[in-house]
Amino acid sequence: MGVLGALLLCAATGCTAELTADLKVDGESFVPTSCRAGQVNSFAGVDLIDDSGRTLRLVQSTSNKPSAIVLAGGDAIELGPCGAMMVTRQSSSVNDITNVMGDATLDCTAGEHSLSGTIVFKNCH
């Protein structure tokens with residue numbers, strides 16, 4: 001299926017990302033407006049992206065404890081293990097990337113950086 005076919009299928013099946021978040025990074029609201037399955041970057045988990053391009057990367061471990069990384073500009077702030085997360089592969093895919101859905105409850109601090117809150121995501125590809 002070509003790109004046009006995948007886009008038409010997404011429009012027909014509703015594979016637009018759905019995000020519900022109440023997150024704070026370093027005490028300030030982080031409002032993701034899009035997401036990507038970690039498969040795109042060769043990890044299990046999800047990237048959550050805000051309008052400024054800042055990314056919250058949640059990497060799922062085998063024990064469902066996510067490691068959190070904030071990517072902003074050229075900086076990568078590793079917060080390490082952070083709360084609990086569940087990620088499930090959906091039955092749909094776009095351009096050979098399987099959509100994922102899940103949720104996370106996050107609470108961690110590393111040095112002067114912190115992350116807290118909740119996120120529910122669906123149709124991240």
Side-chain angles (χ1 to χ4, degrees):
M1 172 184 306
V3 172
L4 180 58
L7 290 174
L8 290 174
L9 179 63
C10 278
T13 60
C15 60
T16 301
E18 297 175 27
L19 301 162
T20 303
D22 181 14
L23 295 169
K24 291 195 181 293
V25 174
D26 295 339
E28 295 184 17
S29 289
F30 176 82
V31 181
T33 55
S34 65
C35 58
R36 279 189 230 115
Q39 181 183 354
V40 172
N41 292 304
S42 302
F43 70 91
V46 65
D47 278 339
L48 306 164
I49 304 103
D50 72 6
D51 281 339
S52 72
R54 187 170 52 158
T55 299
L56 173 59
R57 177 167 289 174
L58 300 176
V59 181
Q60 185 180 36
S61 71
T62 55
S63 63
N64 292 328
K65 291 187 184 269
S67 286
I69 304 165
V70 177
L71 305 168
D75 296 331
I77 302 164
E78 294 190 38
L79 295 165
C82 190
M85 177 173 72
M86 184 61 69
V87 177
T88 305
R89 293 169 56 99
Q90 295 177 246
S91 59
S92 56
S93 65
V94 176
N95 295 330
D96 296 324
I97 302 298
T98 302
N99 289 349
V100 296
M101 62 186 279
D103 60 75
T105 301
L106 307 164
D107 188 16
C108 56
T109 302
E112 61 190 50
H113 299 287
S114 63
L115 170 63
S116 63
T118 60
I119 176 78
V120 177
F121 52 90
K122 183 176 180 182
N123 297 328
C124 300
H125 56 268

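Going from atom SG of Cys108 over to atom NZ of Lys65 covers 12.0 Å, rounded to the nearest 0.5 Å. The SG atom of Cys124 sits 10.5 Å away from the CZ atom of Arg36 when rounded to the nearest 0.5 Å. Remark: Thr16 OG1 to Lys122 NZ distance equals 11.0 Å, nearest 0.5 Å. Taking CE from Met101 and CD from Glu18, the interatomic distance works out to 9.0 Å, rounded to the nearest 0.5 Å. Note: Phe43 CZ to Arg57 CZ = 4.5 Å, rounded to the nearest 0.5 Å.
By the 4.5 Å heavy-atom criterion applied to side chains, Leu48 and Leu58 are counted as neighbours. Residues Met85 and Asp103 have side chains not in contact (no heavy-atom distance under 4.5 Å, counting atoms from C-beta outward). Residues Leu23 and Ser29 fail the side-chain proximity criterion, which asks for heavy atoms closer than 4.5 Å. Looking at Val120 and Thr118, their side chains never come closer than 4.5 Å, going by heavy atoms from C-beta outward. In this structure the side chain of Asp107 never reaches within 4.5 angstrom of the side chain of Cys82, judged on heavy atoms. A heavy-atom distance below 4.5 Å is not found between the side chains of Leu56 and Asp47. Residues Thr20 and Phe121 have side chains not in contact (no heavy-atom distance under 4.5 Å, counting atoms from C-beta outward). Counting heavy atoms from C-beta on, the side chains of Val70 and His113 never come closer than 4.5 Å.
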### Query
What's the verdict on side chain to side chain contact (heavy atoms under 4.5 Å, CB included) for His125 and Gln39, showing C-alpha distance, side-chain angles and the deciding distance?
CA-CA 8 Å; His125 56 268; Gln39 181 183 354; over 6 Å; no

### Message
Test side-chain hydrogen bond (donor to acceptor under 3.5 Å, both in side chains) on Ser92 and Asn99; report intermediate values, then the result.
### Response
CA-CA 6 Å; Ser92 56; Asn99 289 349; 2.8 Å; yes

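Here the closest non-hydrogen pair linking Pro66 and Leu106 is CG-CD2, 3.8 Å. The minimum heavy-atom distance between Ala17 and Cys35, with the atom names listed, is CB-SG, 3.6 Å. Of all heavy-atom pairs between Gln90 and Val100, the closest is OE1-O, 2.9 Å. Heavy-atom minimum distance, Val87 versus Gly45: CG2-CA, 4.4 Å. Scanning both residues, Phe30 and Thr55, for their nearest heavy atoms gives CZ-C, 4.4 Å. When every heavy atom of Ile69 is checked against every heavy atom of Glu78, the shortest pair comes out as CG1-CG, 4.2 Å.
Put simply, Leu79 and Val59 are part of two different groups of oily side chains (I, L, V, M, F, W, Y) that touch within less than 4.5 Å, one to the next. Note on Ile77: it clusters hydrophobically with Val46, by side-chain heavy-atom contacts below 4.5 Å among ILVMFWY residues. Cluster annotation: Leu19 and Leu71 are assigned to distinct hydrophobic clusters (Ile/Leu/Val/Met/Phe/Trp/Tyr, side-chain heavy-atom contacts under 4.5 Å, transitive).
Listed by chain and number, the residues in a salt bridge (charged side-chain N to carboxylate O under 4.0 Å, His left out) with Arg54 are Asp50 (sequence neighbours excluded).
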